[in-house]
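Working notes, structure below.
The basis for the numbers below is simple: all heavy atoms, side chains too, and nothing from hydrogens, waters or symmetry mates.
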Amino acid sequence: MALINTLRNKMGKIVVAFVAVAILSFTLNDILGSNSLFLGDNVVGEISGEKITIEEYRNNSDYMERYLQLTNPYGQTPTDAIVNQNTWMWLISQYAFSKQYRELGLTVGPDELWDLLQGSNIDPTVQSFFRGPDGQFDRQTFEDFYRNRNNPQYAGAKSIWDVIYPSLIPSRERLKYENLVIKSTYATQEEGMMDYHSQSDVAEVKYLYVPYYTLSDTVVSEQVSDAKLRERYNKNKKRYKVEDQRSLKYVVFPVVPSADDTLAIREEMEDLAEEFTNVDDDELFASANTDGIAGYTKYAKSALPYPLNERADSLMAGDIIGPVLDGSRFNLFKVTDVLEDTLGISSIERLITPSDATIDEEYRKADLFQSQVSNIEEFEAKAEELEMEVIEEKEIGPMDDGVGNLTRTSRNMVQWLYRDAKVGAVSDIFDVEDKYVVAVMTGKIEKGFKPFPLVENEIRVEVIRDLKAEYIKSKLKEASGTLNEIAVAYGEDAGVFESNDLKLESNSLPNVGFDPIAVGKIFSLESGEMSEPFATENGVLIAEMVNFTKAPEVADYSAFSEAIKTIRIYGGNNFENGVSSRIYNLVERNAEIDDRRYKVY
């Protein structure tokens, strides 16, 4: 029994979701026998050419839910969203990562497995489960269990071990795979030298700047044709690659307590106050009637809750205070014990909640609204007539937890969009926690590329910006002389600025802002050289390198090279850029995933 408790106590501390994802999918392949399930239309997705059937997904999901609950230190049931996401990551690991391992010939042999269990390199997970009183790994305890694990007296521990043990090989495979990448990650001395100079070289610069916003769009708008916009769209189509997306509009019918509901609860609390006067056991009565957790609490007289604190010195045993309205609840207090500096207070808390009549009334309103609209136009017109706010949400993905600012309980709205709805369809009534919602589907984008009409305005802004850049550059080229003289010739919209300590790593210019293109262009100039007008993200510049001070060379750039290497491995301040995360993202990206989990979640 002690061993079982040890295992349970350690589970939450040593198992993390990411490891579970990388590991247990391999276990599930053997345990659940996914290859035996039939294929066809009954699929929720495809990973690396392997179809995932609804049955396989549900089996994996059921197992994942049990696993996550087992590994939770408090035994809490994981949310559907957590189970769903972890299940999908397992399947990606099973079908995509294992393919990488096979192609590399990466395996964990019998000798390595023995070393993980009983050798000199026992797996950290195993060590975490079998600790002695001193908190260190107890080899003897583990070996006793491992030798006798099939003995009935170890049945409870073995049921946990049967989940943990199969993870050892897959987790080691994943570790070896990542180490292959890490060991091949490096930065050269030349890269270190470049990094050193980007931090240390100093430029004294002067530059003329004309922001695009100073030029009216009307100056170039006549040059913007549909053909030019479409040409840019086709040239940059990959930028507009998207997954499945849906859009909708919705109205909300909030279910909140009415004045009558508040009054009814007050009257109920007044009745309880009368009963409270004559009960034999204050604490038992309070505990049986409160919506709160504690029915009896001891307070120092100086720390009594409102409104008892106002009467701290005059309170006597048996006094009843309340009901008192406190925000969204009523409180009722009875003084049960009076000590020298302490009072024992039995309290009853009753939340103010909507009555069945209030709930029914809001549902009736939602039902009436829903029955009177059948398309987008009618939906919007009816909402305007009733002076209801229409909320719009775009780019809703098939696996989004919910819609906009609604809670995760609005996942059923996402399912409706992908399972049943079509553009213009009005939904049934959604029950979203403390509100009813009626929605209408307003848009649909299939996986692929955003249609031209949806990005036309975005492209128009870019084309106008480029035309402005050409206009400004041509006008600047008409002038000559110093930067100040060119600025005067151009007009008041041209400003001349200076920076005496510009460094390449800064990526920004005073009065211009973040503009790595401009900074890079400046550092390509020689001392005393002036550039031609050039376009950047926010405007056109002419730069002059007044003076360039190159930092003295150092004998060894290893420190800088190692810093670059560390950032590449661990991602610097951004874990998402670390090797482990990037490996997963790259494998996932190249796994040719077709995700249709909305069929089951």
Side-chain angles (χ1 to χ4, degrees), residues 198 203-242 449-546 548:
S198 73
E204 182 182 346
V205 300
K206 192 173 183 180
Y207 47 93
L208 180 154
Y209 178 51
V210 183
Y212 295 133
Y213 67 79
T214 61
L215 187 66
S216 172
D217 290 358
T218 58
V219 175
V220 297
S221 57
E222 290 185 1
Q223 303 177 51
V224 181
S225 64
D226 183 73
K228 187 182 290 290
L229 296 176
R230 289 185 178 275
E231 178 185 3
R232 190 181 187 94
Y233 170 76
N234 292 326
K235 184 178 180 181
N236 300 284
K237 201 170 183 179
K238 289 184 177 179
R239 285 175 50 191
Y240 310 113
K241 189 174 182 180
V242 293
F449 301 97
K450 283 186 178 181
F452 171 75
L454 294 181
V455 295
E456 182 178 359
N457 290 336
E458 176 185 341
I459 295 172
R460 184 181 300 276
V461 170
E462 295 174 355
V463 170
I464 288 176
R465 180 197 62 194
D466 292 349
L467 290 171
K468 284 184 177 182
E470 293 304 315
Y471 179 91
I472 295 170
K473 286 195 294 182
S474 64
K475 189 173 179 181
L476 288 171
K477 287 179 181 179
E478 294 174 357
S480 60
T482 65
L483 289 179
N484 288 330
E485 291 169 339
I486 296 174
V488 170
Y490 182 88
E492 60 182 8
D493 292 330
V496 177
F497 308 98
E498 297 180 358
S499 177
N500 296 322
D501 58 351
L502 183 66
K503 295 182 179 180
L504 183 60
E505 69 169 1
S506 67
N507 286 325
S508 62
L509 280 170
N511 300 102
V512 175
F514 182 77
D515 205 328
I517 294 176
V519 175
K521 182 72 174 178
I522 288 171
F523 273 85
S524 69
L525 300 173
E526 300 291 337
S527 290
E529 183 180 2
M530 181 187 296
S531 74
E532 292 291 318
F534 63 92
T536 66
E537 187 69 24
N538 300 307
V540 174
L541 285 95
I542 302 176
E544 180 183 357
M545 179 67 78
V546 178
F548 176 72

Quiz item: Can you list the residues that meet the side-chain contact (heavy atoms from CB on, under 4.5 Å) rule with Ala489, with sequence neighbours excluded?
Solution: Ala479

Quiz prompt | Sequence-distant partners of Asn234, side chain to side chain donor-acceptor pair (under 3.5 Å), two or more places apart | solution = none

Quiz item: Excluding sequence neighbours, so at least two apart, what forms salt bridge (Lys or Arg N to Asp or Glu O under 4.0 Å) with Glu231?
Solution: none

Exercise. Determine the minimum heavy-atom distance between Ser474 and Tyr471, stating which atoms define it.
Key: OG-O, 2.7 Å

Quiz item: In Å, rounded to the nearest 0.5 Å, how long is the span from CG of Leu454 to CZ of Phe449?
Solution: 14.5 Å

Quiz prompt | Any Leu541 side-chain heavy atom under 4.5 Å of Leu509 side chain | solution = yes

Quiz prompt | Summary of side-chain hydrogen bond (donor to acceptor under 3.5 Å, both in side chains) pairs that have at least one residue in residues 208-225, sequence neighbours excluded | solution = Ser216-Thr218, Asp217-Lys468

Exercise. Any pair with a residue in residues 497-512 that passes side-chain hydrogen bond (donor to acceptor under 3.5 Å, both in side chains), sequence neighbours left out, goes on the list, sorted by first then second residue, please.
Key: none

Quiz item: How about Lys206 and Asn484: do any of their side-chain heavy atoms sit closer than 4.5 Å?
Solution: yes

Quiz item: Taking only residues two or more places apart in sequence, or in another chain, which ones meet Leu504 in a side-chain contact (heavy atoms from CB on, under 4.5 Å)?
Solution: Ser198, Val519, Phe523

Quiz item: So, do Phe452 and Asp226 sit near enough that their side-chain heavy atoms are less than 4.5 Å apart?
Solution: yes

Quiz prompt | Residue pair Val512 / Tyr207, side-chain heavy-atom distance below 4.5 Å | solution = yes

Exercise. Please collect all salt bridge (Lys or Arg N to Asp or Glu O under 4.0 Å) contacts where either partner lies in residues 478-490, sequence neighbours excluded, each pair once.
Key: none

Exercise. List for me each residue that meets salt bridge (Lys or Arg N to Asp or Glu O under 4.0 Å) alongside Lys521, sequence neighbours excluded, and say none if there are none.
Key: none

For residues 525-538, tabulate all N or O donor-acceptor pairs below 3.5 Å that involve a side-chain atom, not counting sequence neighbours.
| residue | atom | partner | partner atom | Å |
| --- | --- | --- | --- | --- |
| Ser527 | OG | Phe548 | N | 3.1 |
| Glu529 | OE1 | Glu526 | N | 2.9 |
| Ser531 | OG | Ala543 | N | 2.9 |
| Ser531 | OG | Ala543 | O | 3.4 |
| Thr536 | OG1 | Asp515 | OD2 | 2.8 |
| Thr536 | OG1 | Gly539 | O | 2.9 |
| Glu537 | OE2 | Arg465 | NH1 | 3.3 |

Self-check item: Nearest-0.5 Å distance, CG of residue Asp493 to NZ of residue Lys475
Solution: 8.0 Å

Quiz prompt | Contacts of Lys473 that satisfy salt bridge (Lys or Arg N to Asp or Glu O under 4.0 Å) - sequence neighbours left out | solution = Glu470

Self-check item: With sequence neighbours excluded, residues passing side-chain contact (heavy atoms from CB on, under 4.5 Å) with Glu458
Solution: Arg239, Tyr240, Val455, Glu462

Quiz item: Which value, rounded to the nearest 0.5 Å, describes the distance between Ile486 atom CD1 and Leu208 atom CG?
Solution: 6.5 Å

Exercise. Would you check, one step at a time, whether the test side chain to side chain contact (heavy atoms under 4.5 Å, CB included) holds for Val224 with Leu467?
Key: CA-CA 9 Å; Val224 181; Leu467 290 171; 3.7 Å; yes

Quiz item: With sequence neighbours left out, what residues match Val242 under side-chain contact (heavy atoms from CB on, under 4.5 Å)?
Solution: Gln245, Ile445, Lys450

